[in-house]
Amino acid sequence: MALPDFLIAGVPKAGTSALHAALAPHPGLYLSAVKEPKFFLTDGPPPRRGGPGDVQTYQEHVWRRADYEALFDPAPPGALRGEATPFYLHDLDAHARIAKLLPEVKIILVLRDPVDRAHSNWAHLYGAGLESESDFLRAVELEPRRTAAGWAAFWQYTGLGQYGTQVKSLLEHVERERVLLLRYRDLRDAPAATLDRVCAFLGVATGLLAEAPPENVRRFVADTPANAVIRLALRTGGRIGHHFPVPVRVAARTPLLNLLHRRHGSRPRVPPAQRAALLPRFTDEIRRLEDVSGESYADWLSLEHASRYTPKGATS
């Protein structure tokens with residue numbers, strides 16, 4: 001029976017793709033060729049409805065156990081097997097499923113400032129043509145309605161950043177010593193040291209990995225009338241594309257994405273006013289994360305420095 005020894009379980013838009021790519025060359029590790037099998041997100045077949053592009057993603061889920069085990073069959077003898085599905089942390093029901101099937105599993109979490117994570121999430125979907133809202137905060141306000149309508153977790157810009165509740169749930173099923181918490185900033189700014197931490201946690205040789213290549217970075221595109229038409233076409237394809245074979249979908253989507261990305265610029269930072277508006281949604285969660293993890297996160301989440309993000313013109 002081939003099952004994973006470790007999971008990269010969170011969070012989206014926080015470097016999980018980069019970590020997966022960085023660990024793959026290690027001779028003592030085997031990462032599944034399918035980066036996000038999403039096996040533990042359901043007890044059976046995935047949903048059949050959702051937002052733009054969701055059903056096509058659901059069709060990619062590896063939800064049958066035999067298919068999931070087959071992902072790890074190519075692992076060399078003695079290598080530790082792993083996979084990266086960054087939505088496992090967010091899905092509280094997945095925690096019990098993981099603990100039941102993998103009672104000795106080790107779990108790696110990469111956490112990012114939740115406001116920056118949410119903004120990057122929105123920019124990713126906007127750059128893919130799937131997000132209709134060009135205003136980040138407006139997209140955030142649509143989150144409850146979209147969630148109620150069954151849109152996938154990737155549309156939960158603030159929901160995916162509720163780290164305290166999520167880690168607390170995970171630690172109710174998995175011992176603290178089997179969970180490694182990493183900061184996105186450390187993976188980005190000090191990759192060699194961070195990768196050594198991961199290797200030491202997994203019990204394989206350190207000093208072999210030095211870089212975490214950028215992965216899954218979506219280009220940011222301007223909000224222009226021409227791009228609005230292209231995005232509408234991409235959203236339409238996202239809603240109906242699951243009715244067509246994958247080669248047909250790719251053939252239709254690729255030229256549209258090329259057109260959308262023909263001109264692009266640097267992804268904008270979160271404006272101070274938007275950061276100030278969103279920080280209160282996460283303050284209690286980060287405090288809860290510190291309580292359950294025994295580690296301090298306020299230094300990089302900017303939560304103790306929220307006053308510097310007072311909107312222009314506001315009075316104190």
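Below, each value reflects all heavy atoms present in this structure, side chains not excepted, and no hydrogens, waters or symmetry copies.
- Between the side chain of Tyr163 and the main chain of Leu89, no donor-acceptor pair closer than 3.5 Å is present.
- By the criterion of side-chain heavy atoms lying less than 4.5 angstrom apart, applied directly or through intervening Ile, Leu, Val, Met, Phe, Trp or Tyr residues, Val140 is not grouped with Leu142; the two fall into different hydrophobic clusters.
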Next item on the list: Assess whether side chain to side chain contact (heavy atoms under 4.5 Å, CB included) is satisfied between Leu279 and Val115, documenting all intermediate values.
Entry: CA-CA 7 Å; Leu279 275 173; Val115 176; 4.1 Å; yes

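- Residues meeting the side-chain hydrogen bond (donor to acceptor under 3.5 Å, both in side chains) test with Gln162, sequence neighbours left out: none.
- Heavy atoms from other residues, nucleotides or ligands lying under 6.0 Å from CD of Glu211 number 12 at most.
- Tested against Phe39, the residues Tyr68, Tyr88, Trp63 include a single ring-ring contact (aromatic ring centres under 6.0 Å, His included) partner, Tyr68.
- In this view, Ser32 and Pro37, Leu71, Phe72, Glu83 satisfy the side chain to side chain contact (heavy atoms under 4.5 Å, CB included) rule, not counting sequence neighbours.
- Judged by distance alone, the side chain of Gln156 and the main-chain N or O of Thr147 form no donor-acceptor pair under 3.5 Å.
- Taken from CG in Asp5 to CZ in Arg81, the straight-line distance is 5.0 Å, to the nearest 0.5 Å.
- Asp54 places a side-chain N or O within 3.5 Å of a backbone atom of Ala152 that can act as its donor or acceptor partner.
- Distance alone, capped at 3.5 Å, places no donor-acceptor pair between the Asn121 side chain and the Pro12 backbone.
- Residues passing the side-chain hydrogen bond (donor to acceptor under 3.5 Å, both in side chains) test with Gln274, sequence neighbours excluded: none.
- Judged by distance alone, the side chain of Thr85 and the main-chain N or O of Phe87 form no donor-acceptor pair under 3.5 Å.
- Annotation: the span from Leu92 atom CG to Leu170 atom CG amounts to 9.5 Å, rounded to 0.5 Å.
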Donor-acceptor contacts under 3.5 Å from residues 190-203 side chains, at least two apart:
residue	atom	partner	partner atom	Å
Thr194	OG1	Asp186	O	3.0
Thr194	OG1	Ala190	O	2.8
Asp196	OD1	Gly207	N	2.7

Margin query: Is there a side chain to side chain contact (heavy atoms under 4.5 Å, CB included) between Lys38 and Val62? Walk through the geometry before answering.
Written below: CA-CA 6 Å; Lys38 302 182 175 72; Val62 182; over 6 Å; no

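- Taking both residues in full, the closest heavy atoms of Lys35 and Ser17 are given as CE-OG, 2.9 Å, listed atom of the first, atom of the second, then distance.
- Nearest heavy atoms, Leu187 versus Ala212: CD1-CB, 3.8 Å.
- Atom NE2 of His61 sits about 8.5 Å away from atom CD of Glu36, to the nearest 0.5 Å.
- Scanning all heavy atoms of the two residues, the minimum distance from Pro114 to Gly161 falls at CB-O, 4.0 Å.
- Not one N or O on the side chain of Arg185 forms a donor-acceptor pair closer than 3.5 Å with the backbone of Arg188.
- A ring-centre distance under 6.0 Å is not found for His95 and Phe40.
- With values rounded to the nearest 0.5 angstrom, Leu160 atom CG is found 4.5 Å from Arg117 atom CZ.
- Residue pairs meeting the ring pair (Phe, Tyr, Trp, His ring centres under 6.0 Å) criterion with at least one partner in residues 1-32, sequence neighbours excluded, do not occur; the list is empty.
- Residues passing the side chain to side chain contact (heavy atoms under 4.5 Å, CB included) test with Arg49, sequence neighbours excluded: none.
- Residues forming a side chain to side chain contact (heavy atoms under 4.5 Å, CB included) with Glu104 (at least two apart in sequence, or on another chain): none.
- Between Asp73 and Ala2, the shortest heavy-atom contact is OD1-CB, 3.4 Å.
- Glu295 approaches Arg183 most closely through the heavy-atom pair OE1-NH1, 4.1 Å.
- For residues 136-146, the side chain to side chain donor-acceptor pair (under 3.5 Å) pairs, not counting sequence neighbours, are Glu131-Arg146, Glu141-Arg281, Glu143-Thr158.
- Side-chain atoms of Phe154 and Leu125, non-hydrogen and from C-beta on, do get closer than 4.5 Å to each other.
- Taking every heavy atom of both residues into account, Ala21 and Pro25 meet most closely at O-CD, 3.3 Å.
- The aromatic rings of Trp155 and Tyr157 lie tilted to each other, with the angle between the two planes from 30° to 60°.
- Sorted by first and then second residue, the salt bridge (Lys or Arg N to Asp or Glu O under 4.0 Å) pairs with a member in residues 93-102 read Asp43-Arg97; sequence neighbours excluded.
- For the pair Ser293 (side chain) and Leu289 (backbone), a donor-acceptor distance under 3.5 Å is present.
- Using a cut-off of 4.0 Å between Lys/Arg side-chain N and Asp/Glu carboxylate O, Arg288 and Asp291 are scored as not salt-bridged.
- With sequence neighbours excluded, the residues satisfying salt bridge (Lys or Arg N to Asp or Glu O under 4.0 Å) with Glu69 are Arg65.
- Take Asp116 and apply the side-chain hydrogen bond (donor to acceptor under 3.5 Å, both in side chains) test, not counting sequence neighbours, and it matches Arg275.
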Check: Would Val55 and Arg48 satisfy side chain to side chain contact (heavy atoms under 4.5 Å, CB included), going step by step from the backbone distance to the final call?
Finding: CA-CA 6 Å; Val55 179; Arg48 296 184 178 180; 5.6 Å; no

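- Atom-to-atom distance recorded for Ile8:CD1 and Leu109:CG is 10.0 Å, nearest 0.5 angstrom.
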Item checked: CA sep, side-chain torsions, deciding dist, call: Ile108, Leu7, side chain to side chain contact (heavy atoms under 4.5 Å, CB included) -> CA-CA 6 Å; Ile108 302 164; Leu7 302 172; over 6 Å; no

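- With respect to the salt-bridge test (charged N to carboxylate O, under 4.0 angstrom), the residues Glu290 and Lys168 do not qualify.
- Contacts of Tyr58 classified as side-chain hydrogen bond (donor to acceptor under 3.5 Å, both in side chains), with partners at least two apart in sequence or in another chain: none.
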